[in-house]
Amino acid sequence: MSEITQLSPQPLWQFFDKICSIPHPSKYEEALAQYIIEWATNEGLEVRRDPTGNVFIKKPATAGMEDRKGVVLQAHIDMVPQKNEDTDHDFTKDPIQPYIDGEWVTAKGTTLGADNGMGMASCLAVLASNEIKHGPLEVLLTIDEEAGMTGAFGLEAGWLEGDILLNTDSEQEGEIYMGCAGGADGAIKLNIEREALPTGYVTRQITLKGLKGGHSGCDIHTGRGNANKLLGRFLAGHAAELDLRLVEFRGGSLRNAIPREAFATVAVPAENEAKLAELFTFYTDLLKAELGRVETGIMTFNEAVSADKALTSSTQARFIATLNACPNGVIRMSDDIEGVVETSLNVGVITTDEDSITILCLIRSLMDSGRSMVEGMLSSVAELAGAQVTFSGTYPGWKPDADSEIMHVFRDVYEGIYGNKPNIMVIHAGLECGLFKKPYPEMDMISFGPTIKFPHSPDEKVKIDTVALYWEQMVAILENIPKK
């Protein structure tokens with residue numbers, strides 16, 4: 001047990017500490033799912049799993065609350081695995097190490113998993129409580145949300161009985177979410193050819209790292225640098241004058257995280273080695289001047305490596321131009337909701353194989369037409385480059401419902417506790433609610449949670465006092481669910 005177990009509300013923090021102790025990155029959350037199933041079974045609760053692997057737990061209404069509408073508390077089991085380069089951590093084997101840092105809880109060198117571990121912990125704490133008044137209650141814990149929303153895609157009609165769903169995957173206390181962006185993955189694949197390096201060339205690896213990264217939806221408007229795009233910009237600007245030959249490019253690790261690091265293995269004539277170093281140093285200073293108010297930790301490295309082959313000149317030119325031309329960041333702000341991004345694109349992961357380079361992007365939009373527009377942009381870039389483009393994993397947005405009964409209940413409960421109304425918001429991120437609407441079109445849904453900063457990055461942290469506020473709101477909402 002870590003020091004966070006002494007924080008309030010203690011049951012929630014104790015569950016979160018246990019969650020941190022069991023590895024659960026996307027695709028590897030089965031151990032945590034099994035722990036939850038065993039715990040719930042020992043508590044005498046009804047537990048089921050669907051063919052996809054989602055976990056369902058049911059708890060009867062407390063005395064006198066049997067006539068209330070049924071509520072589904074929902075969270076996802078998996079977390080985003082991101083770590084600092086100098087952190088030795090295997091997310092499939094090693095526990096997360098949370099600790100208190102002033103007003104926040106964060107983790108040692110890795111993502112914390114507060115997204116969505118805090119929500120999951122709150123669901124379990126409600127199930128464990130004998131004091132909270134509530135109507136018929138279900139908990140839905142989905143799998144693989146961060147890597148493709150597999151659990152939400154696989155949810156079938158007939159598994160849930162509730163009328164209201166409370167999604168716990170939002171990240172700003174005081175805001176209630178009633179809509180979210182949809183999205184799709186876009187992959188541009190360029191077939192490449194290689195040839196032997198010319199005589200007299202030296203090989204270097206140039207590295208850009210130390211960027212903040214973050215959530216490719218919630219943080220896309222913050223002006224943070226995308227390491228893939230920034231390193232690609234350097235190549236586009238200086239490859240010709242250096243007579244540079246590209247051996248390999250790789251950057252980013254998740255399509256839904258803004259890339260923090262990118263690496264290019266390049267070769268230049270020996271007489272241009274000093275010029276490469278000079279230009280890369282100049283470019284580093286340029287980035288610090290441009291982005292220094294946001295990106296305070298920019299670091300670059302220029303190190304000797306070995307290689308005997310590089311991309312052919314034509315292949316290299318097509319890749320560099322494609323990366324440099326690929327749109328990235330905010331494409332359009334919403335006209336309807338002030339301060340909310342409507343459409344965006346994240347150039348998330350670039351990988352180099354022996355015969356191809358793949359650029360994996362994540363498109364987000366509040367509107368299907370916005371998503372289609374960006375798909376068209378990527379298709380045009382690929383066509384000009386003679387590359388292939390594929391789109392997959394398309395998921396719908398969650399259309400706001402101004403007449404939502406549970407939204408009005410939350411607003412009134414919040415105002416009754418704190419004396420002011422919460423902000424009713426639409427989030428530029430993918431919540432599972434949009435997918436749940438397909439098998440359960442009549443289910444009334446909202447999303448809320450504590451304040452979590454920098455999710456999907458090793459800087460992830462959750463504000464301690466907002467966890468107590470979030471818990472207070474959860475308890476109050478359950479006690480004020482309308483009658484059937």
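All values below were derived from every heavy atom in this structure, side-chain atoms included, with hydrogens, water molecules and symmetry-related copies excluded.
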### Task
Check the pair Leu127 / Leu45 against side chain to side chain contact (heavy atoms under 4.5 Å, CB included), numbers first and verdict last.
CA-CA 9 Å; Leu127 291 174; Leu45 300 169; 4.0 Å; yes
The criterion is ring-ring contact (aromatic ring centres under 6.0 Å, His included); which residues satisfy it with [X], sequence neighbours excluded?
X: Trp471; result: none
X: Trp104; result: none
X: Phe280; result: Phe234
X: His456; result: His215

#### Entry: Residues that Glu415 engages under side-chain hydrogen bond (donor to acceptor under 3.5 Å, both in side chains), provided they are two or more places apart
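Residues passing side-chain hydrogen bond (donor to acceptor under 3.5 Å, both in side chains) with Glu415: Lys421.
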### Listed partners of Gln82 passing side-chain hydrogen bond (donor to acceptor under 3.5 Å, both in side chains), at least two apart
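Checked Gln82 against side-chain hydrogen bond (donor to acceptor under 3.5 Å, both in side chains); matches are Ser253.
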Before accepting this row, confirm whether a basic side-chain N of the pair [X]/[Y] lies closer than 4.0 Å to the acidic partner's carboxylate O.
X: Arg48; Y: Asp50; answer: no
X: Asp185; Y: Arg255; answer: yes
X: Glu442; Y: Lys69; answer: no
X: Asp144; Y: Lys27; answer: yes
X: Glu43; Y: Lys58; answer: no
X: Glu342; Y: Arg332; answer: yes
X: Asp459; Y: Lys212; answer: no

Who are the side-chain contact (heavy atoms from CB on, under 4.5 Å) partners of [X], not counting sequence neighbours?
X: Asp67; value: Lys483
X: Thr168; value: Ala75, Asn116, Ser122, Cys123, Tyr470, Met474
X: Asp412; value: none
X: Thr352; value: Ile192, Arg194, Glu248, Phe249, Ile357

### Query
For the ring pair His408 and Phe410, is the centre-to-centre distance below 6.0 Å?
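Not under 6.0 Å, so no.
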### Task
Name all residues meeting the salt bridge (Lys or Arg N to Asp or Glu O under 4.0 Å) criterion together with Arg371; count only those two or more places apart in sequence or in a different chain, and write none if there are none.
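Arg371: salt bridge (Lys or Arg N to Asp or Glu O under 4.0 Å) contacts with Asp368, Glu375.
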### Message
Once salt bridge (Lys or Arg N to Asp or Glu O under 4.0 Å) is applied, do any residues pair with Lys484, and if so which ones, sequence neighbours excluded?
### Response
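Partners of Lys484 by the salt bridge (Lys or Arg N to Asp or Glu O under 4.0 Å) criterion come out as none, since no residue qualifies.
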### Task
Evaluate side chain to side chain contact (heavy atoms under 4.5 Å, CB included) for His428 paired with Ser344, printing each intermediate quantity in order.
CA-CA 9 Å; His428 189 68; Ser344 73; 2.7 Å; yes
### Task
Could you tell me whether the side chain of Glu432 reaches within less than 4.5 Å of the side chain of Gln74, counting heavy atoms only?
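Contact flag for Gln74/Glu432 side chains = yes.
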### Heavy-atom check, side chain of Leu378 versus side chain of Phe391, under 4.5 Å
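With C-beta onward as the side chain, the pair touches.
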